[in-house]
Amino acid sequence: MTLNWKKATLTALNAAMAAYLLLAVTAFNKPGDKDVVCSQVKIDIADNVVDGFLNADEIQRMLKRKGVYPLGRPIAAVDVRAIEETLRRSPFVADAQCYKTGGGRVFIELRQRMPVIRVKADNGDDYYVDNNGGIMQNTKYVSDIIIATGPISRNYARRVLTRLGNTIVSDRFWHSQIVQLNVLADGTVELVPRVGDNIVYLGKPVGVRRKLDRLAKFYKYGLSRVGWNRYSYISLEFDNQIICKRRGAAGGA
């Protein structure tokens, strides 16, 4: 008796599920749906910190080149999987999601890889390093990004330059001020600033935030008074001091 009761219950549940699925299919495939045209494409790019690599216009161009941009197409013919796969093939896209909503709208959400440094190594390597230590191939994209030069191995780029780049780009002032890193043979680093005709010797790239704070104070209380071009070389190598080489002088000052 109990077995028959369970069997009857299971049959009823299966019938209810079948009815639900039939209604759902009917609801999402109304006769008029095939005539609905995509009237709006909303593109949302998360973590848009580094300008120039990904923006809505570039996403639109990327999808148009592949023939999958949905605007103006019948909504039923919009292939969201093809859109996602096209975007994920970009070296700057970490992930992409696409979905359709009522009224002919298509939403595209992206999470991008964040390049922090472009490496132009002595051995001919030319690539970007992202904020998670990933190597990104060089592309035609142009952006205001720090360039690192010198004898740079990919291991050094992942371990050291990623951390250094993240520190610099997280601060608006230093992101604007530092335009180049020169990696020396011993792994120490020189900074090339945008303002001031000098080289800043960072030394070993450890305690970088503390060194940059010290340099910021020197900018404010030192160079702002004596002139930005008074010194040709500024060393931050040693704690609690800044050693400067005066322009045209053989020794420090």
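One is the number of the first residue; the rest follow in order along the sequence.
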Do any N or O atoms from the side chain of [X] and from the backbone of [Y] form a donor-acceptor pair under 3.5 angstrom?
| X | Y | value |
| --- | --- | --- |
| D130 | N132 | yes |
| T167 | R163 | yes |
| K211 | L202 | yes |

Drop me the distance from [X]'s [atom1] to [Y]'s [atom2], to the nearest 0.5 angstrom.
| X | Y | atom1 | atom2 | result |
| --- | --- | --- | --- | --- |
| N131 | I117 | CG | CD1 | 11.5 Å |
| L110 | Q97 | CG | CD | 9.5 Å |
| I168 | S176 | CD1 | OG | 12.0 Å |
| I147 | I178 | CD1 | CD1 | 13.5 Å |

Minimum-distance pair of heavy atoms, taken over all atoms of [X] and [Y]:
| X | Y | answer |
| --- | --- | --- |
| V183 | G187 | CG1-CA, 4.5 Å |
| I108 | C98 | CG1-SG, 4.0 Å |
| D122 | P151 | OD2-N, 3.4 Å |

Residue pair [X] / [Y], side-chain heavy-atom distance below 4.5 Å:
| X | Y | value |
| --- | --- | --- |
| I59 | L54 | yes |
| V106 | L71 | no |
| V36 | P74 | no |
| V116 | I145 | no |
| T162 | V160 | no |
| I242 | I234 | yes |
| R105 | C38 | no |
| R154 | I135 | yes |

Take V119 and Y128 through the test side chain to side chain contact (heavy atoms under 4.5 Å, CB included) and record every step on the way to the result. CA-CA 6 Å; V119 174; Y128 297 99; over 6 Å; no

What residues, two or more places apart in sequence or in another chain, satisfy side chain to side chain donor-acceptor pair (under 3.5 Å) together with D186?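 In terms of side chain to side chain donor-acceptor pair (under 3.5 Å), with neighbours along the sequence ignored, D186 is linked to T188.
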
Those residues that, when tested against D126, pass side chain to side chain donor-acceptor pair (under 3.5 Å) (two or more places apart):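 Partners of D126 by the side chain to side chain donor-acceptor pair (under 3.5 Å) criterion, ordered by chain and then number, come out as R118, K120, N138.
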
For [X], what residues pass the salt bridge (charged side-chain N to carboxylate O under 4.0 Å, His left out) criterion, not counting sequence neighbours?
| X | result |
| --- | --- |
| R159 | none |
| R172 | none |
| D95 | R88 |
| D197 | R247 |

Is it the case that one hydrophobic cluster holds both V200 and V206, taking links as side-chain heavy atoms less than 4.5 Å apart, direct or via other members?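 Each belongs to a different hydrophobic cluster.
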
In terms of hydrophobic clusters joined by side-chain contacts under 4.5 Å, are V195 and I146 together?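 They do share one cluster, since a chain of ILVMFWY contacts under 4.5 Å joins V195 to I146.
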
What verdict does the side chain to side chain donor-acceptor pair (under 3.5 Å) test give for T149 and N182, after you've listed the backbone C-alpha separation in whole Å, the side-chain angles of each residue and the deciding distance to 0.1 Å? CA-CA 5 Å; T149 62; N182 298 327; 3.0 Å; yes

Testing K66, Q112, M62 for side chain to side chain contact (heavy atoms under 4.5 Å, CB included) with L87, which one passes?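 Checked K66, Q112, M62 against L87; only one passes side chain to side chain contact (heavy atoms under 4.5 Å, CB included): M62.
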
Going by the rule side chain to side chain contact (heavy atoms under 4.5 Å, CB included), which residues pair with A94 if we only count those two or more places apart in sequence or in a different chain?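 Here the qualifying residues are R111, R113.
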
Which residue pairs pass the side chain to side chain donor-acceptor pair (under 3.5 Å) test with at least one member in residues 67-84, sequence neighbours excluded?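 Every side chain to side chain donor-acceptor pair (under 3.5 Å) pair that includes a residue of residues 67-84, provided the two are not neighbours, is Q60-Y69, R81-E84.
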
For Y99, what residues pass the ring pair (Phe, Tyr, Trp, His ring centres under 6.0 Å) criterion, not counting sequence neighbours?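 Listed in chain order: F107.
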
Suppose we screen for ring pair (Phe, Tyr, Trp, His ring centres under 6.0 Å). Which residues come up paired with F173, at least two apart in sequence or across chains?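 Result, ring pair (Phe, Tyr, Trp, His ring centres under 6.0 Å) vs F173: none returned.
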
Using the side chain to side chain contact (heavy atoms under 4.5 Å, CB included) rule, take I152 and D125 through it: C-alpha gap first, then chi angles, then the decisive distance, then the call. CA-CA 9 Å; I152 303 170; D125 272 353; over 6 Å; no

Using the side chain to side chain contact (heavy atoms under 4.5 Å, CB included) rule, take M136 and Y127 through it: C-alpha gap first, then chi angles, then the decisive distance, then the call. CA-CA 6 Å; M136 303 167 61; Y127 55 88; over 6 Å; no

Using a 4.5 Å cut-off between side-chain heavy atoms of Ile, Leu, Val, Met, Phe, Trp and Tyr, which other residues end up in the same hydrophobic cluster as V192?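 In the cluster with V192 are V179, L184, I199, Y201, Y233.
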
Starting from the C-alpha separation in whole Å, work towards a yes-or-no answer on side chain to side chain contact (heavy atoms under 4.5 Å, CB included) for E190 and L181. CA-CA 6 Å; E190 295 175 336; L181 308 175; over 6 Å; no

Distance-only criterion, 3.5 Å: show the donor-acceptor pairs between side-chain atoms of residues 214-223 and protein atoms not counting sequence neighbours.
{"from": "R214", "atom 1": "NH1", "to": "F238", "atom 2": "O", "distance (Å)": "2.8"}
{"from": "R214", "atom 1": "NH1", "to": "Q241", "atom 2": "O", "distance (Å)": "2.7"}
{"from": "Y219", "atom 1": "OH", "to": "Q177", "atom 2": "NE2", "distance (Å)": "3.4"}

Please assess E58 against K64 for the test salt bridge (Lys or Arg N to Asp or Glu O under 4.0 Å), listing each intermediate value before the final yes or no. CA-CA 10 Å; E58 177 57 33; K64 284 183 176 179; over 6 Å; no

